[in-house]
Each structure stands twice: as C-alpha cells, then as structure tokens.
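All ligand and atom numbering here is 1-based and tracks the order in the structure. As a basis for the values below, the full set of heavy atoms in this structure was taken, side chains included, without hydrogen atoms, waters or symmetry mates.
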Amino acid sequence: MLHRLATSLRRPAVPLFAAAVRCLSSGSVDIKVPLNFWAGKRRTSQEKCNKENVYEPATGRVLCPLEPCGAAEVNQAVEAAKSAFGHWSKMSGMERAKIMIEAAHIIERRREEIAEIEVVNNGKSITEARLDVDSARLCIEYYAALATTLAGQHVQLPGGSFAYTRREPLGVCVGIGAWNYPFQIAAWKSAPALACGNSMVFKPSPVTPVTAVLLAEIYAMAGAPEGLYNVVQGGQETGSLLCHHPDVAKVSFTGSVPTGKKIMEMASKGVKHVTLELGGKSPLLIFQDSDVENAVKGALMANFLSQGQVCSNGTRVFVHKDILPEFVEEVVKRTRAIEIGDPLLESTRMGALVSRSHLERVLSFVDQAKKEGATVLCGGEPFVPSDPKLRGGYYMTPCVLGNCTDEMTCVKEEIFGPVMSVLSFESEEEVLLRANDTDLGLAAGVFTSDVKRAHRVVEHLKAGSCFINNYNITPVEVPFGGFKMSGIGRENGQVTIEHYSQLKSVYVEMGDVDSLF
Ligand SMILES: NC(=O)c1ccc[n+]([C@@H]2O[C@H](COP(=O)([O-])OP(=O)(O)OC[C@H]3O[C@@H](n4cnc5c(N)ncnc54)[C@H](O)[C@@H]3O)[C@@H](O)[C@H]2O)c1
Ligand SMILES: C[N+](C)(C)CCCC=O
C-alpha cells in the first residue's frame, strides 16, 4: 500500500498517488513521511549524525529533514536486497518482465504526480520533469523487453563435446545518484540491473531524496519481491558504507569526476564492478553551412535544459567566424526570451537551480569570466520572480558569454549551470584540436549540412555520445556514457546488459578424459 507523501499543508493534505490531477503548488508542500525504504516499507533511520534539511529550490523553503542511514540501516537494506536476489535471480526473464512492465504502467498512470514532486524537490520546469518521467518509464519498458531475450551461446567442440554460456546476474548492485535527474537516474540504473536478475540498493543525492522512494513504492506495487529495490538516504558517509560493503557486487555511480575517482578506489578494495557516469565539458561545433535556425535551437538545447545542470551539455559552442554575428544575434534573442519562474507553471521554461550554494557557485563563474575578458551578451544575474512566495528561490537569468578563448575558466571547467560560452573558429582541423583539448569526453555535437563533413568530424571527436544536427537527445535504446575522465561503462542500450551481468562458461565432456598424467 502506498504511503501518503506530503503534505500537512496550508491546503488540504493530498496523498501523493491520489489521482492523476495537478495537485501541488510551489510553497505548499511539507514532506512528512520517511524517505528510506527497504524490505518493502518506508523506514525511519535511527542514525543521529549528518542530519540536514532538504529544500524546495523554487521557494527556498525547507521541505523536510533528511534522515541519513548509518551502518546499521545500510546493513539492513543490503540484507533485504540479498534476500530478494535469491528469489528474483531464479525467475525467468518473462516473469521479471511482467513485473517491470506493470511498474512502467504505474509510472504512466502517475506521470503527473511524480513529475510534480520532482519539480518541488529539484526546481526544474514541469514540462521537463514530465519528459524525465517518460524517459524513466521507457527505460523500464525497454529493459523489461530485453529481460525476455537474455540467453547464452552454444559452442560445438571436438568429439561431440560442447560448451555453453550462461548470462548470470552479479548480485546486490548499488546505485548512487546525482541531483539533476533524480527519478530518471534511479530508473536508468535499476531497470537494467533488475532485468538481469540483480537486486539494488539506491542512494539518491541528499539534495534530492524524494522521488527515488516513489520508484521503490512503484516496484513494490507492481509485484516485485520485498527488498528488490531499496533506498537509503545520506551523503558521502552512507555512500562510502555502500561502496565498502562486502555483500555488494557492483556500484553504478552518477556524479562528479572527483567523487567518481573515490568510488572507483573504494570499489577496487573488493574488486567490485563499477559504472561511472561523470561530468563533461562538451563541445558543440557549428559550421558555416549549418541551418542556423536549427543550430541556434540545438545550442539552446545543449545549454539550458534543467537550468544548465546537465552532464552532457555542450557548453563550449564553437561557431564558424562567417556565421558568428548571425548566430550570436539569434541565440541571444532566444535566450532573453526564456521564461524564468515558478517551475510548476506550464508557461515556465526555466525553473530554479538546485540550491543556494550551487547558484552562488554558478554566478561566481560568470564573474570570473568577466574578469578574464569574456563579454556577457545576456543574463548571468540573480533573478527574483515577482511572485512573493518565490522570492527565496534560487533563480538566475540564462547567460551567453561572447569573446571567449580556450584558456578561460568558463571554457575549461564544468559550470553545471545556464552559462553558454561562444568561441569562434576558422577551420575544421583547428576546431577539432580545440574541441578535443580536454580530459573529459562525455558528449559532442556538430551542425553542418555536409554529410561527409558530419561523419568525418564525429569520427575525430573524442566523446562517448555524439550528436549530428541535434543535441541532448537520449533515447533509451542508445548507449550513453563517456570517454576519458567522463566515465566507464554505459547506461541504456543493449550493451548495458553486459555491465549488469556476468558470463559463465560451462564445458561438457562427452568422451573420456584425455589426461596428460
Ligand atoms: N554522466 C552522467 O550521466 C551524469 C549525469 C548527471 C550528473 N552527472 C555529473 O554529476 C555532477 C553533479 O552531481 P552531484 O553534485 O550530485 O555530484 P557528486 O559527485 O557531488 O555526488 C553524486 C553522489 O555521490 C554521493 N557521494 C559523494 N561523495 C561520496 C563518497 N565519498 N562516497 C560515496 N558517495 C558519495 C553524493 O551523496 C551523491 O549521491 C556533475 O559533475 C555532473 O556532470 C553526470
Ligand atoms: C536527458 N538528458 C537531458 C540528455 C540528460 C541525460 C543525463 C545527464 O545529466
């Protein structure tokens, strides 16, 4: 039975999964239910350390306290996952798929409610949050379908002997998420893990702890065994307990490069499998033969989704010098027109950044850019909406920086906010060298109407996800992940099955043992 999230409010209390109608408004939600979940139930943590508040970015109000899990709770969650693994891993792919498809149906029916809660906790616009929920659902549907196809190989050997391979699950997998796509990340990790027969303990970012628990309730409602997908809340201490836990077989992490390195180090102690989805500073190359209207739209998609807090963002926008004035005029015009404000309103296109400290960090990058000689072509200022209830929210105007050079901090470092740096280039050879001059390699894009140039350029770009004449589209059928320091492993697509399973080879002798001894 679903818990009632929310909401002793200034308005009537609303059960989370009450009805598929719009029910929340910014500034009206208090979360009163526990956010940890294991062995089929929401749980309160007994841990006394590291308590912190969870905020609503749109208003700056406290939503709830975060109750982090300590060693005792982490052990209970892992124990629950171990127990579920025993049962789940023995089910057929068809049986697992049935439950996952049911979970996807629940998500489809509850789309609006899940999206609203995501907005309240994350600050992104409701329009984007709905698309994130759709991506989560599609991912679960996709891996449910793949679960039914998991199979091994038969290999004929001399004398009638043979071998076969079995694709087996890893065991208890840990997922650790970032705050920019809380529900989507939880689904992108759990769907392939569960499809392969694993169980999962997921730790969301302490900044956005709310919607991963909804996913736990959804899997439970769909008929998953108790303990199949569990949620423990907390920050680095809880994450570290999970990474070191001897009963954990794999850690799948989404977050920053520095934390990713620590995760890999911790996992290496137990020789655990890792997937690392890390940061980026991706280039977008716009050639003189581009359709400029589409290139401008692509640059906006590459920079301003989720208030610019997207790992794959193409924040280094290289524009051929012949079309630079035309491009800049149009991109600035459209950036100025982006409607900022209450993320729960349909008309809003940019909501609030995730936290006060993150907003200040992003604004400090704009100040630094000015000091280093970049020109602010628009935005880059704190924004205070006229609605009094939003005055404490974490808003800024989306920013386009001109006159940028490769050495500037804004061009070198991941800002993770709505700040686009525009650079000029003259030749394909030159721009490729500059585009690849980074330790990161998550994504890259190219706009051109020359099909040969498009493929030639993509071949030379050192990035895991490349876009031709579009940007930041991530269909769940297509693998997603980074080159270089942007990560290890992939999410989505068929290949991810290999990252959540292991092969067993079985040799079968049909004759006598031919012993050398
Ligand atoms: N490649 C991708 O798919 C992808 C997607 C989203 C975000 N990101 C990256 O994530 C970053 C922003 O997210 P963030 O600020 O939440 O990242 P972060 O690295 O600060 O935190 C990510 C998660 O790791 C946990 N964590 C922190 N220290 C830990 C430790 N020592 N042991 C175990 N867990 C620990 C955090 O609590 C959080 O859940 C950006 O760099 C962005 O590019 C990457
Ligand atoms: C769906 N997006 C916008 C491509 C985001 C992918 C996940 C990275 O932060």
Side-chain angles (χ1 to χ4, degrees), residues 50 52 66 68-69 74 122 124 128-129 131-136 138-139 174-189 202-209 212 231-245 251-267 274-282 301-315 353-355 357-358 361 413-417 440-443 445 463-465 467 470-476 478-483 485-492:
N50 304 313
E52 52 189 284
L66 184 83
C69 287
V74 165
N122 169 277
K124 67 174 68 186
E128 285 194 43
L131 299 178
D132 297 356
V133 175
D134 292 346
S135 171
L138 288 166
C139 187
V174 157
I176 297 182
W179 43 255
N180 58 343
Y181 285 86
F183 190 75
Q184 188 191 94
I185 290 174
W188 280 19
K189 294 195 185 302
F202 187 82
K203 191 199 79 60
S205 164
V207 184
T208 52
V231 176
V232 293
Q233 302 291 351
Q236 60 180 44
E237 293 77 10
T238 312
S240 161
L241 287 165
L242 289 166
C243 294
H244 284 121
H245 201 290
V251 182
S252 174
F253 171 77
T254 296
S256 63
V257 174
T259 311
K261 289 182 188 172
K262 289 185 201 158
I263 300 281
M264 201 169 168
E265 202 180 326
M266 289 186 278
V274 287
T275 292
L276 299 177
E277 292 288 351
L278 309 180
K281 188 70 198 178
S282 301
M301 287 295 285
N303 280 273
F304 298 138
L305 282 175
S306 202
Q307 296 73 245
Q309 303 162 134
V310 183
C311 51
S312 47
N313 270 1
T315 48
L353 277 75
V354 80
S355 66
S357 59
H358 188 59
R361 183 172 183 273
E413 288 188 23
E414 186 185 40
I415 298 176
F416 223 56
L440 300 167
L442 189 55
S465 293
F467 304 94
N470 207 332
Y471 205 94
N472 260 343
I473 43 171
T474 43
V476 297
V478 182
F480 180 81
F483 279 16
M485 285 173 77
S486 288
I488 293 178
R490 291 292 176 270
E491 293 194 315
N492 294 340

Engineer: Could you check atom 3 (C) of ligand 2 against the protein and tell me its nearest heavy-atom contact, residue, atom and distance included?
Structural biologist: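 It is Tyr181 OH, 3.1 Å.
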Engineer: Side chains of Ser252 and Lys189 only: does a donor on one sit below 3.5 Å from an acceptor on the other?
Structural biologist: yes
Engineer: Where does Asn180 meet ligand 1, judged by heavy-atom distances below 4.0 Å: at the side chain, the backbone, both, or neither?
Structural biologist: side chain
Engineer: Thr254 versus Trp188: any side-chain heavy-atom pair under 4.5 Å?
Structural biologist: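 No, side chains not in contact.
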Engineer: Starting from atom 3 (O) of ligand 1, find the nearest protein heavy-atom neighbour and note its residue, name and distance.
Structural biologist: Glu277 CB, 3.2 Å
Engineer: Could you identify the single nearest non-hydrogen protein atom to atom 1 (C) of ligand 2 and state the distance to 0.1 Å?
Structural biologist: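 It is Thr474 OG1, 3.1 Å.
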Engineer: Considering only the protein, which heavy-atom contact is closest to atom 12 (C) of ligand 1, and what is its distance?
Structural biologist: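 Looking only at protein heavy atoms, the one closest to atom 12 (C) of ligand 1 is Phe416 CE2, 3.6 Å.
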Engineer: Should you measure from each heavy atom of Ser205, which atoms of ligand 1 turn up under 4.0 Å away?
Structural biologist: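 The atoms of ligand 1 under 4.0 Å from a heavy atom of Ser205 are 39 (O).
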Engineer: Should the proximity of Gln309 to ligand 1, defined as any heavy atom under 4.0 Å, be assigned to the side chain, the backbone, both, or neither?
Structural biologist: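 Answer for Gln309: neither.
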Engineer: Short N/O distance, under 3.5 Å, between Asn180 and ligand 2?
Structural biologist: yes
Engineer: Report the nearest protein non-hydrogen atom to atom 25 (C) of ligand 1: residue, atom name, distance rounded to 0.1 Å.
Structural biologist: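 Heavy-atom neighbour on the protein nearest atom 25 (C) of ligand 1: Ile176 CG2, 3.8 Å.
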Engineer: What is the nearest protein non-hydrogen atom to atom 30 (C) of ligand 1, stated with its residue, atom name and distance?
Structural biologist: Gln236 CB, 3.6 Å
Engineer: Where is the tightest heavy-atom contact between Ala187 and Ala136, given as atom of each residue plus distance?
Structural biologist: CB-CB, 3.4 Å
Engineer: Which is it for Glu414 and ligand 1 at heavy atoms under 4.0 Å: side chain, backbone, both or neither?
Structural biologist: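 Answer for Glu414: side chain.
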Engineer: For atom 11 (C) of ligand 1, which of Ser256, Ala443, Gly482, Ser355 has the closest heavy atom?
Structural biologist: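 Closest candidate by heavy-atom distance is Ser256.
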Engineer: Can you list the ligand 1 atoms lying under 4.0 Å from a non-hydrogen atom of Pro204?
Structural biologist: 39 (O)
Engineer: If you measure from atom 1 (N) of ligand 1 to every heavy atom of Val354, Leu278, Asn492, which option wins on shortest distance?
Structural biologist: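 The option holding the nearest heavy atom is Leu278.
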Engineer: Evaluate the side-chain proximity of Glu277 to Ile185: yes if any heavy-atom separation is below 4.5 Å, no if none is.
Structural biologist: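 Side-chain contact under 4.5 Å: no.
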Engineer: Under 4.0 Å from a heavy atom of Gly235: give me the atoms of ligand 1 that qualify, with their elements.
Structural biologist: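 What qualifies from ligand 1 is 37 (O).
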Engineer: For the atom pair CG (Asn122) and OG (Ser355), what is the distance rounded to the nearest 0.5 Å?
Structural biologist: 10.5 Å
Engineer: Geometry only, no angles: is Cys311 polar-contacting ligand 2 at N/O separations under 3.5 Å?
Structural biologist: yes
Engineer: Taking only heavy atoms of Gly279, which atoms of ligand 1 are found under 4.0 Å from at least one of them?
Structural biologist: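 Heavy-atom distances to Gly279 below 4.0 Å select 41 (O), 43 (O).
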Engineer: Contact between Cys243 and Phe253 at the side-chain level, heavy atoms closer than 4.5 Å - yes or no?
Structural biologist: no
Engineer: Using distance alone, determine whether Trp179 and ligand 1 share an N or O pair under 3.5 Å.
Structural biologist: yes
Engineer: Should Asn472 and Val310 count as side-chain neighbours, where that means a heavy-atom distance under 4.5 Å?
Structural biologist: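 Of all side-chain heavy-atom pairs linking Val310 with Asn472, at least one is under 4.5 Å.
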Engineer: Touching ligand 1 at all, Met266? Heavy atoms, strictly under 4.0 Å?
Structural biologist: yes
Engineer: Is there side-chain contact between Arg490 and Thr275, with at least one heavy-atom pair below 4.5 Å?
Structural biologist: no
Engineer: Show the nearest heavy-atom pair for residues Leu241 and Cys69, with the distance to one decimal.
Structural biologist: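 Looking at all heavy atoms of both residues, the closest pair is CD1-O, 4.3 Å.
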Engineer: Write out the residue and atom name of the closest protein heavy atom to atom 26 (N) of ligand 1, then the distance separating them to 0.1 Å.
Structural biologist: Thr259 CG2, 3.6 Å
Engineer: Taking only heavy atoms of Ser240 into account, list the atoms of ligand 1 that are under 4.0 Å away from them.
Structural biologist: 32 (N), 33 (C)
Engineer: Calculate, to the nearest 0.5 Å, the distance between atoms NZ and CD1 belonging to Lys281 and Ile415 respectively.
Structural biologist: 4.5 Å
Engineer: Would you say the side chain of Trp179 lies within less than 4.5 Å of the side chain of His358, judging by non-hydrogen atoms?
Structural biologist: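 Side chain of His358 against side chain of Trp179, heavy atoms only: contact under 4.5 Å found.
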Engineer: SG of Cys311 to CG of Leu278: how many Å apart, nearest 0.5 Å?
Structural biologist: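 Going from SG on Cys311 over to CG on Leu278, the span is 9.5 Å.
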Engineer: Just so I know, are the side chains of Pro68 and Glu237 near enough to count as touching, which here means a heavy-atom distance under 4.5 Å?
Structural biologist: no
Engineer: My understanding is that we take every heavy atom of each candidate and find the minimum distance to atom 9 (C) of ligand 1. Doing that for Gly234, Gly280, Cys311, Gly255, which one comes out nearest?
Structural biologist: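 Considering heavy atoms of Gly234, Gly280, Cys311, Gly255, the nearest to atom 9 (C) of ligand 1 sits in Gly255.
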Engineer: What is the nearest protein non-hydrogen atom to atom 37 (O) of ligand 1, stated with its residue, atom name and distance?
Structural biologist: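 Among all protein heavy atoms, the one nearest atom 37 (O) of ligand 1 is Lys203 NZ, 2.8 Å.
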Engineer: Can you measure from OG1 (Thr474) to CD (Gln184) and round to the nearest 0.5 angstrom?
Structural biologist: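 Here the interatomic distance stands at 6.0 Å.
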Engineer: Can you find a pair of side-chain heavy atoms, one from Asn492 and one from Cys139, that are under 4.5 Å apart?
Structural biologist: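 A side-chain contact under 4.5 Å exists here.
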Engineer: Within ligand 1, which atoms have a heavy atom of Phe480 less than 4.0 Å away?
Structural biologist: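 By the 4.0 Å cutoff, the relevant atoms are 3 (O).
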Engineer: OG/Ser135 to CZ/Phe183 distance, rounded to the nearest 0.5 angstrom?
Structural biologist: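 It comes to 10.5 Å.
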Engineer: Which atoms from ligand 1 have a heavy atom of Gly177 less than 4.0 Å away?
Structural biologist: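 Answer, ordered by atom number: 22 (C), 23 (C), 38 (C), 39 (O).
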Engineer: Can you name the atoms of ligand 1, numbered from 1 with element, that are less than 4.0 Å from a heavy atom of Pro206?
Structural biologist: 37 (O)
Engineer: To the nearest 0.5 Å, what is the distance between OG (Ser205) and CD (Gln233)?
Structural biologist: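 One finds 9.0 Å between OG of Ser205 and CD of Gln233.
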Engineer: Would you mind checking which non-hydrogen protein atom is closest to atom 13 (O) of ligand 1, with the distance to 0.1 Å?
Structural biologist: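 Here the closest protein heavy atom is Ala178 CB, 3.4 Å.
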Engineer: State, to 0.1 Å, how close Met264 and Leu276 come at their nearest heavy-atom pair, and which atoms those are.
Structural biologist: SD-CD1, 3.8 Å
Engineer: Have a look at ligand 1 and work out which part of Val207, if any, has a heavy atom under 4.0 Å from it: side chain, backbone, both or neither.
Structural biologist: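 No part of Val207 comes within reach of ligand 1.
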Engineer: Is it the side chain (CB and beyond), the backbone, both or neither of Thr254 that lies under 4.0 Å from ligand 2, heavy atoms counted?
Structural biologist: neither
Engineer: Relative to the heavy atoms of Asn472, which atoms of ligand 2 are at a distance of less than 4.0 Å?
Structural biologist: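 Numbered from 1, ligand 2 contributes 4 (C).
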Engineer: Select one of side chain, backbone, both or neither to describe which atoms of Phe253 lie under 4.0 Å from any atom of ligand 1, heavy atoms only.
Structural biologist: side chain
